[in-house]
Each structure stands twice: as C-alpha cells, then as structure tokens.
Amino acid sequence: MYQFRNDYSVGCHPKVLEALTAVNAESVIGYGADRYCKEAADLIRAMCQAPQADVQFMIGGTQANFTAIAAFLRPWESVIAPASGHINGHEAGAVEAAGHKIISVPTAANGKLTPAAILSVVEECKDEHLTKPRLVYISNATETGGVYFKGELEALSQCCRRNGLLLFLDGARLGCALSAPHNDLTLPDIASLTDAFYIGGTKNGAMMGEALVITDPTLQEGFFRIKKQRGAVLAKGWLLGVQFTALLKDGLYFKLARQAVDMAQYLQGGLKNLGLPMMVDSPTNQIFPIVPNDFLPKLDEVCTYETWCKADESHTVVRFVTSFATTLSDADGMLKAIKAMS
C-alpha cells in the first residue's frame with residue numbers, strides 16, 4: 001500500500017529521533033525555558049536575519065494559528081483569509097472560537113491572495129457596525145500547493161502596511177514552498193515582509209512542532225501568557241527545541257523538503273504522461289489529479305490519498321502528498337499501478 005494521504009504519517013526523521021534519544025535521560029527545566037529552546041531560537045533568528053524576533057515553539061499548526069491571532073487582535077478585529085485557507089476550512093472554527101471573525105475571499109485555484117482582494121474587504125468593512133479587518137492570513141505553500149514569489153509577498157506586505165493590517169504567514173509547509181522550483185523567497189525575505197510567520201516542523205521531519213517567529217516587536221509582549229492560557233505551552237518544551245536544532249543546524253530541513261517536492265513533481269509529471277489532468281499545477285509536495293470516479297475503488301486498493309473535491313459528475317479531484325520518506329520506488333510503483341487501471 002503506497003502512502004500518499006499526507007506528509008506527517010511517519011514519526012520523524014531518524015536524525016531527529018537520534019537527537020531526542022540523546023537528551024532523553026536528562027533532567028531539563030520545562031515550558032521552553034531551557035538551553036535547547038534557546039539554541040534553536042537563536043539559530044532561527046540568525047537564519048532569518050531577524051535578531052529582534054521572538055521565537056515561540058508550538059505543538060501544531062492549528063494551535064499556532066489561533067493562538068497567534070488571539071494574541072495579535074482586539075475583540076472587534078477580524079481576519080482576511082483565502083476561502084481555501086487552513087483557518088477557514090480545516091480548523092473547526094478555532095479562530096472563531098477565539099473570538100475573531102474570518103472574512104474569507106475567493107482566490108484562483110492556486111489559493112494565493114492578492115492586494116486587490118484585500119482592498120475590497122477593507123472598503124466593504126469601513127462601517128463601524130462591522131468587524132474591523134486587522135490581520136491578513138496567508139499560507140506558503142497554500143492548501144492547493146501554490147507558492148508566493150518575492151514580488152507577490154512584497155505587494156501583499158506593502159498593501160497591509162499602507163492599510164494598517166498585520167500580515168501573518170502560515171508556514172506549515174514552508175519548507176516545501178522554499179524548496180519549490182523557481183522559488184525566489186528566502187527566510188530573511190519572509191521575516192522582513194511579514195509581522196509573524198512560522199516554520200513548520202510537523203509536516204517536514206519533526207515528530208511534532210512549529211516555530212512561530214514574531215518579527216513585529218509590538219506583538220511580542222505577553223505572548224507566553226496567552227500561549228499558556230490557550231493550552232499551547234508544552235511542559236516538556238525542550239523536546240521542540242531539540243527537534244528544530246536537529247532539523248535546521250546542518251540544512252536537514254531543506255534537504256527533507258526537497259525530497260518531498262522532487263517526488264511530488266516526478267509523480268505529477270508521470271500522471272500527466274498517463275493522461276490524467278491536474279486541478280492545478282502544483283510546484284510543491286501536494287498534487288491534485290482529476291480521476292474518473294470508477295478509479296476510486298481501484299485507488300483504495302493500492303494507496304492512501306484524500307478525496308479533495310468533485311470535478312464534475314463523472315470525475316473527482318484527489319490529493320496525493322509526498323514527504324521526506326517518499327522514495328522513487330514509491331512514486332514509480334504508484335505510476336505503474338495507475339497505468340494498470342487505465
């Protein structure tokens with residue numbers, strides 16, 4: 001059975017497990033106030049060229065999203081997000097439960113938000129009887145595999161700053177976005193163009209964990225308190241610091257992301273050669289082939305995957321996701337299995 005349902009089905013990369021094992025018998029101070037978290041945070045600040053940044057380690061992406069938004073916004077302030085954004089469609093109302101309305105806007109199939117879409121919401125919400133948009137949420141990579149280029153992120157950043165909006169980037173799959181073909185963004189670019197973002201570990205080799213980087217000094221005060229209030233403080237916090245140091249110090253993080261991206265691109269090209277169209281051409285580790293409905297029972301026999309959406313009455317979009325653990329033999333085996341279905 002080939003595994004293409006998601007990029008967090010295996011525990012973690014062996015080097016991360018080795019790092020965790022090496023400190024397992026130590027007695028370490030809790031709640032992230034330890035030398036391992038400090039080492040990882042210092043490494044992240046250096047990689048981002050953002051010495052003023054506050055780095056907060058979180059357990060998962062949903063937790064990072066709603067905790068950050070709850071911390072950054074006043075009660076009457078709202079979030080502008082793509083309709084396909086993770087906070088809008090996959091987090092069970094976590095942001096709304098924190099007391100903030102999400103104003104969702106449609107996007108192209110790649111899931112990328114534009115300044116024009118932001119400005120239309122700002123204009124519509126000038127009435128003080130409505131919530132006041134204060135934060136723009138984007139994902140890189142997006143939920144449909146889209147990647148923001150530097151010029152696009154610069155345009156979003158300028159739009160936000162001119163209109164009193166914060167820009168928050170969900171980086172659950174940031175490694176794959178930065179490893180995608182033709183990507184021209186860097187971590188220092190992202191740190192300088194956003195007010196906060198996170199480096200996703202759960203979907204790129206960590207057992208669990210996201211590193212939230214708060215670059216705007218005005219958003220940093222008191223963050224630990226709301227993090228604690230929202231249940232986002234891991235008592236054994238050093239486990240997160242150990243993992244991020246193992247992933248980042250020798251470039252392992254980007255090596256793992258490139259493996260995932262390379263396998264997805266290989267698989268996407270092979271599927272196209274077999275005559276399967278894509279909902280969108282994704283440059284990252286998520287691909288979205290459109291298959292005949294009678295393929296689905298056959299797919300169930302050979303692989304795990306996710307049904308994404310209906311394409312038409314007789315076709316369905318499915319999602320295949322690769323990870324650092326996906327091998328060339330996995331991709332080739334999958335292509336042979338699909339060829340046999342045709």
Exercise for the section: Indicate yes or no: does D42 engage K38 in a salt bridge with an N to O separation below 4.0 Å. Expected result: yes
Problem - Electrostatic pair D189:K150 at N-O distance under 4.0 angstrom - result: yes
Exercise for the section: Taking T142 for its side chain and N110 for its backbone only, find out whether a donor-acceptor pair lies under 3.5 Å. Expected result: yes
Problem - Nearest-0.5 Å distance that lies between atom CD in E26 and atom OH in Y36 - result: 3.0 Å
Practice task
Measure up the H86 and H90 rings against each other and bin them: parallel (under 30°), tilted (30 to 60°), perpendicular (over 60°).
Solution key: parallel
Fill in the blank from the handout: Partner of I138 under side chain to side chain contact (heavy atoms under 4.5 Å, CB included), picked from L167, T194, I118, T107, is L167
Exercise for the section: Please answer whether the main-chain N or O of Q286 pairs with a side-chain N or O of S282 as donor and acceptor at a distance below 3.5 Å. Expected result: yes
Handout entry: Ion pair D281/K272, N-O distance below 4.0 Å
Key = yes
Exercise for the section: Would you check if there is a donor-acceptor pair between the side chains of N183 and Y148 at a distance under 3.5 Å? Expected result: no
Practice task
Measure from the side-chain N and O atoms of N24 to the backbone N and O of L20, and report whether any donor-acceptor pair falls under 3.5 Å.
Solution key: no
Practice task
Indicate, with yes or no, if V23 and M207 share a hydrophobic cluster defined by side-chain heavy-atom contacts under 4.5 Å among Ile, Leu, Val, Met, Phe, Trp and Tyr.
Solution key: yes
Handout entry: Exam field: side chain T202 to backbone G60, donor-acceptor pair closer than 3.5 Å
Key = no
Problem - Heavy-atom check, side chain of F324 versus side chain of V10, under 4.5 Å - result: yes
Fill in the blank from the handout: The reported gap from CD in Q243 to CG in L17 (rounded to nearest 0.5 angstrom) is 9.5 Å
Practice task
Report yes or no: do V147 and Y253 belong to one cluster of Ile/Leu/Val/Met/Phe/Trp/Tyr joined by side chain heavy-atom distances under 4.5 Å?
Solution key: no
Handout entry: Atom pair CE/NZ of M334 and K339 - distance to nearest 0.5 Å
Key = 15.0 Å
Practice task
For a side chain to side chain contact (heavy atoms under 4.5 Å, CB included) with L169, tell me which candidate from F197, Y198, Y137 qualifies.
Solution key: F197
Under 3.5 Å donor-acceptor pairs involving side-chain atoms of residues 95-103, not counting sequence neighbours:
residue : atom : partner : partner atom : Å
H100    : ND1  : R74     : O            : 3.4
H100    : ND1  : E77     : O            : 2.9

Problem - 4.5 Å side-chain heavy-atom contact, T186 and L178 - result: no
Exercise for the section: Could you tell me the separation between the CZ atom of F57 and the CD1 atom of I199, rounded to the nearest 0.5 Å? Expected result: 8.5 Å
